[in-house]
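Numbering of residues begins at 1 and proceeds along the displayed sequence. Remember, it's a predicted structure, so these values are computed and weren't measured experimentally.
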Amino acid sequence: MVDTVVGVFLAQVEDRGAAPFLHHWDAGAWKALGWDDCGTRVLRIGAGLVAAGVRAGEAVVILSDNRVEWILSDLGIQAAGGVTVPIYSTSTRETIAKIVANCEAKLAITGTDKLAANLPEALKVVAMDDELVNWMVAEPASKAEVEMGRRLAELKASDVASIIYTSGTTGDPKGVVLPHSNFVAMARASLEDFALGPEDTSLSFLPFSHVFERQSGVVIAILAGSEVWLSRGLDHLAEDIAEVNPTVMLGVPRMFEKIVDRVRETVRGQPAWKRLLFDLALAGRLGPLGNKILEPVRLRVGGRRLRFFVSGGSPLSKEVEAFFWALGIPIYNGWGMTETTSGAVANTPTAHRYGTVGRPLPGMEVKLASDGELLVRGPGVMREYSHNPEATRESLEDGWLRTGDIAEIDDDGFIRITDRKKDLLKTSGGKFVAPQPIEAGLQGTRYIDSAILVGDGRPYVTALLVPKWDHLRVDLGVDGDPKDLVRDERVLAAVQNAVDEVNARLAHWETVKYFRLLPRDFEESSGERTPSLKIKRAAIRRNYSGLIDEMYAQGGRARAGSAEHDRQGGLPPS
């Protein structure tokens with residue numbers, strides 16, 4: 001049992017006792033739960049599940065936003081010998097039904113009645129604010145408690161701990177089957193490279209339904225014996241950082257990009273002499289004075305005690321990474337996927353290289369296929385896809401996982417992800433274009449917030465762009481509804497200059513020939529992003545097919561000698 005997640009947790013309960021483990025906001029104040037209190041609640045939930053009819057090896061759904069009961073339910077399911085199946089609270093009824101059918105769950109633990117209403121009617125529902133509370137405060141039935149103890153004693157590292165369904169940028173979600181050994185082995189591997197202990201505190205705000213926060217945040221904290229504070233959410237994140245002063249924090253590139261953008265925008269509003277001092281300090285040219293100049297910014301971004309950020313979920317741009325390091329806040333970019341139980345490679349305090357996702361964690365192996373696809377093998381690799389042997393065969397061969405990412409590995413073993421294999425664009429002229437680096441370059445300009453390249457099977461590359469409306473309003477004095485501003489000549493000219501700036505660094509077949517501006521960012525509610533904020537390209541191409549067709553029709557007119565020039569299209573392709 002010591003090599004299972006719940007087994008390690010219960011060992012920490014014995015060792016840490018009343019020391020605080022989980023902190024959450026309740027009734028206007030931060031409340032703490034000790035390891036021993038959490039241990040009692042976990043075992044009572046486990047006994048409650050046994051009494052409710054959950055069998056060993058049976059899937060149990062958790063459908064809830066982040067809250068303390070999410071973590072306790074996860075561990076309670078494991079204590080009952082069950083298999084945790086997390087589902088994003090933003091999932092549609094159709095997606096939820098598919099997941100429930102695939103994992104064959106009979107019971108779900110839910111955060112709200114509204115969420116419970118999205119579940120299939122045949123599923124038994126345990127409400128966190130009702131039945132689950134009763135389980136946690138009352139002594140369990142002796143028969144159920146004895147049976148749970150028996151299951152705990154027989155629980156093995158090879159038993160399945162969780163089935164996590166990939167949010168899926170294309171097609172239906174697939175259930176990634178992860179044994180206890182995956183979580184424990186990869187947490188131990190991470191702790192070899194990142195020294196964390198009881199003195200550390202993490203501030204958690206990413207969804208527990210995603211493997212990144214659940215494994216790299218919660219499970220690693222359990223093994224390290226450190227404290228976890230549950231943020232009140234993105235709207236309160238800055239306040240929470242100031243109050244909690246975490247020593248470590250996980251984030252996704254989108255969050256870090258927004259932080260850099262806000263800092264730069266604040267500096268931009270300062271007098272010229274202050275802007276100059278900030279730039280010199282950031283460049284490391286002012287010595288101790290520069291450190292004093294940057295200190296207030298560091299405090300606002302990370303609090304008083306932050307040791308480092310960890311970035312995952314998608315590639316972090318070199319410019320954003322360098323900004324944090326220049327600010328004096330280490331940020332370690334890593335790479336992983338649900339199928340590798342979160343991080344498989346990472347930059348670390350002892351091995352860091354800009355523009356890469358680092359080197360393999362202890363025990364993990366990597367190599368490149370003939371087409372440049374990154375292959376991974378080791379203790380974090382999934383067992384299979386649930387009830388999907390065909391997908392399993394396509395992804396696993398002799399223990400090697402085909403990741404779907406195109407990568408480069410340098411002589412020192414540092415890995416650079418260049419793009420998703422399925423995202424590569426092949427123009428009708430036979431030229432390959434990797435969209436992600438170009439999109440990152442566009443998003444690094446002052447006026448472009450989000451960018452999606454189009455061009456597969458087409459004669460040239462075009463782009464759908466979401467402007468940084470706040471910057472445009474400040475710099476150009478434009479005002480009005482973004483739906484109208486997408487055709488404002490001043491806006492179009494400013495964005496065209498940004499596109500030209502990026503195009504100047506590209507091969508001619510990679511350059512963006514035409515673009516269209518969108519009034520709003522890509523949203524999960526419109527099916528354009530996954531719950532972990534990854535772009536769903538196929539959905540975006542469908543949603544904006546009319547604009548895309550316009551760009552290629554425009555190019556056809558230009559080639560035919562039309563005198564028409566649409567500022568939203570840029571210049572005719574050469």
Kindly check if the number of other-residue, nucleotide or ligand heavy atoms within 6.0 Å of NZ (Lys292) is above 12? no
Is it true that Gln78 and Asp74 share a donor-acceptor pair across their side chains at a distance under 3.5 Å? yes
Does the plane of the ring in Trp325 sit parallel, tilted or perpendicular to the ring in His352? Use 30° and 60° as the thresholds. tilted
Nearest heavy-atom approach of Ala407 to Leu374 is CB-CB, 4.0 Å
Suppose we screen for ring pair (Phe, Tyr, Trp, His ring centres under 6.0 Å). Which residues come up paired with His24, at least two apart in sequence or across chains? none
Arg359-Thr348 side chain donor-acceptor pair, cut-off 3.5 Å: no
Applying side chain to side chain donor-acceptor pair (under 3.5 Å), can you list everything that pairs with Ser311, at least two apart in sequence or on another chain? none
To the nearest 0.5 Å, how far apart are CG in Leu316 and CZ in Arg254? 13.0 Å
In Å, rounded to the nearest 0.5 Å, how long is the span from NZ of Lys174 to CD of Glu384? 13.5 Å
If I compare all heavy atoms of Pro120 with all of Ala97, which pair ends up nearest, and what's the gap? CG-CA, 4.2 Å
State, yes or no, whether a side-chain contact exists between Leu152 and Thr4 at a heavy-atom distance under 4.5 Å. no
Output yes when a side-chain donor or acceptor of Thr356 lies under 3.5 Å from a complementary backbone atom of Arg353, and no otherwise. yes
Quick one: list whatever passes side chain to side chain donor-acceptor pair (under 3.5 Å) with Glu154, sequence neighbours left out. Arg150
Pi-cation contact, Phe522 with Arg529 (under 6.0 Å, within 45°): no
When you measure from the side chain of Thr340 to the backbone of Gly336, do you find a donor-acceptor pair of N or O atoms at a distance under 3.5 Å? no
Indicate yes or no for a side-chain donor-acceptor contact from Thr403 to the backbone of Asp405 under 3.5 Å, with no hydrogens or angles considered. yes
Gap separating the CG atom of Leu132 from the CZ atom of Arg41, nearest 0.5 angstrom: 10.0 Å
Tell me, please, which residues at least two apart from Phe309 pass ring pair (Phe, Tyr, Trp, His ring centres under 6.0 Å). Phe256, Phe324
Taking the six-membered ring for Trp, are the ring centroids of Trp25 and Trp229 within less than 6.0 Å of each other? no
side-chain contact (heavy atoms from CB on, under 4.5 Å) between Thr40 and Asp36: does it pass, once the steps are laid out? CA-CA 6 Å; Thr40 298; Asp36 52 359; 5.6 Å; no
Hey, could you give me each pair passing side-chain hydrogen bond (donor to acceptor under 3.5 Å, both in side chains) that has a residue in residues 175-200? Not counting sequence neighbours. Asp3-Arg188, Asn182-Thr341, Asp200-Thr247, Asp200-Arg307
side-chain contact (heavy atoms from CB on, under 4.5 Å), that's the test. Do Asn291 and Arg298 meet it? Break it down for me. CA-CA 10 Å; Asn291 186 56; Arg298 281 198 301 272; 2.8 Å; yes
Going by atom types alone, do His236 and Glu239 pair a side-chain donor with an acceptor below 3.5 Å? yes
Determine, step by step, whether Arg383 and Glu339 satisfy the salt bridge (Lys or Arg N to Asp or Glu O under 4.0 Å) criterion, reporting the C-alpha distance in whole Å, the side-chain angles of both residues, the deciding distance to 0.1 Å, and the verdict. CA-CA 9 Å; Arg383 177 175 294 174; Glu339 289 86 342; over 6 Å; no
Using a strict threshold of under 4.0 Å (side-chain N to carboxylate O), is an ion pair present between Lys143 and Glu147? no
With sequence neighbours left out, which residue pairs that include part of residues 108-120 fulfil the side-chain hydrogen bond (donor to acceptor under 3.5 Å, both in side chains) condition? Arg93-Asn118
Do you see a donor-acceptor pair shorter than 3.5 Å between the side chains of Ser162 and Arg214? yes
May I ask you to say whether Glu523 pairs ionically with Lys536, meaning some side-chain N is under 4.0 Å from a carboxylate O? no
Please find the pair of heavy atoms, one from Arg520 and one from Ser526, that lie closest to each other, and give the distance. NH2-OG, 3.4 Å
Does the distance from a Lys or Arg side-chain N to an Asp or Glu carboxylate O, for Arg232 and Glu243, drop under 4.0 Å? yes
Could you tabulate the donor-acceptor pairs under 3.5 Å formed by side-chain atoms of residues 56-67, not counting sequence neighbours?
{"unit_1": "Glu58", "atom_1": "OE1", "unit_2": "Arg55", "atom_2": "NE", "d": "3.0"}
{"unit_1": "Glu58", "atom_1": "OE1", "unit_2": "Arg55", "atom_2": "NH2", "d": "3.3"}
{"unit_1": "Asp65", "atom_1": "OD1", "unit_2": "Ser89", "atom_2": "OG", "d": "2.4"}
{"unit_1": "Asn66", "atom_1": "OD1", "unit_2": "Phe208", "atom_2": "N", "d": "2.9"}
{"unit_1": "Asn66", "atom_1": "ND2", "unit_2": "Leu206", "atom_2": "O", "d": "2.8"}
{"unit_1": "Arg67", "atom_1": "NE", "unit_2": "Glu69", "atom_2": "OE1", "d": "2.8"}
{"unit_1": "Arg67", "atom_1": "NH1", "unit_2": "Gly111", "atom_2": "O", "d": "3.1"}
{"unit_1": "Arg67", "atom_1": "NH2", "unit_2": "Asp129", "atom_2": "OD1", "d": "2.5"}

Go through the structure and list residues passing ring pair (Phe, Tyr, Trp, His ring centres under 6.0 Å) with Phe308, not counting sequence neighbours. Phe194, Tyr332
Check this for me, if you would: do Lys318 and Glu321 make a salt bridge, where the nitrogen-to-carboxylate-oxygen distance has to be below 4.0 angstrom? no
Test side-chain contact (heavy atoms from CB on, under 4.5 Å) applied to Phe323 and Leu282, step by step: CA-CA 8 Å; Phe323 182 91; Leu282 205 62; 3.6 Å; yes
Pairing donors with acceptors under 3.5 angstrom, does anything connect the side chains of Thr166 and Thr338? no
Rounded to the nearest 0.5 Å, the CZ atom of Arg151 sits from the CG atom of Asp159 at a distance of 12.0 Å
Distance col, row Met337:CE vs Leu401:CG, nearest 0.5 angstrom, shows 5.5 Å
Set of side chain to side chain donor-acceptor pair (under 3.5 Å) partners for Gln12, sequence neighbours left out: none
Set of residues satisfying ring pair (Phe, Tyr, Trp, His ring centres under 6.0 Å) with respect to Phe205, sequence neighbours excluded: none
Considering only distance and modelled atom types, tabulate donor-acceptor pairs under 3.5 Å from the side chains of residues 42-50, sequence neighbours left out.
{"unit_1": "Arg44", "atom_1": "NE", "unit_2": "Ala138", "atom_2": "O", "d": "3.4"}
{"unit_1": "Arg44", "atom_1": "NH1", "unit_2": "Met136", "atom_2": "O", "d": "2.9"}
{"unit_1": "Arg44", "atom_1": "NH2", "unit_2": "Glu139", "atom_2": "OE2", "d": "3.0"}

Distance only, no hydrogens: is a donor on one side chain within 3.5 Å (strictly under) of an acceptor on the other, for Asn347 and Tyr354? no
Less than 4.5 Å apart, side chain to side chain, heavy atoms only: is that true for Val176 and Tyr165? no
Could you walk me through whether Val68 and Trp70 pass side-chain contact (heavy atoms from CB on, under 4.5 Å), step by step? CA-CA 5 Å; Val68 165; Trp70 202 111; over 6 Å; no
Asp449/Lys258 ion pair, N-O < 4.0 Å: yes
Closest non-hydrogen atom pair, Gly81 against Leu155: CA-CD1, 4.4 Å
Reported NE2-to-CG distance for the pair His23 and Leu203, which is rounded to 0.5 angstrom: 11.0 Å
Under the side chain to side chain donor-acceptor pair (under 3.5 Å) test, residues paired with Arg264 that sit two or more places apart: none
For Glu213 and Ser204, which heavy atoms make the closest approach, and how far apart are they? OE2-OG, 3.0 Å
Minimum heavy-atom separation for Met186 and Pro379, please, with both atom names. SD-CG, 4.0 Å
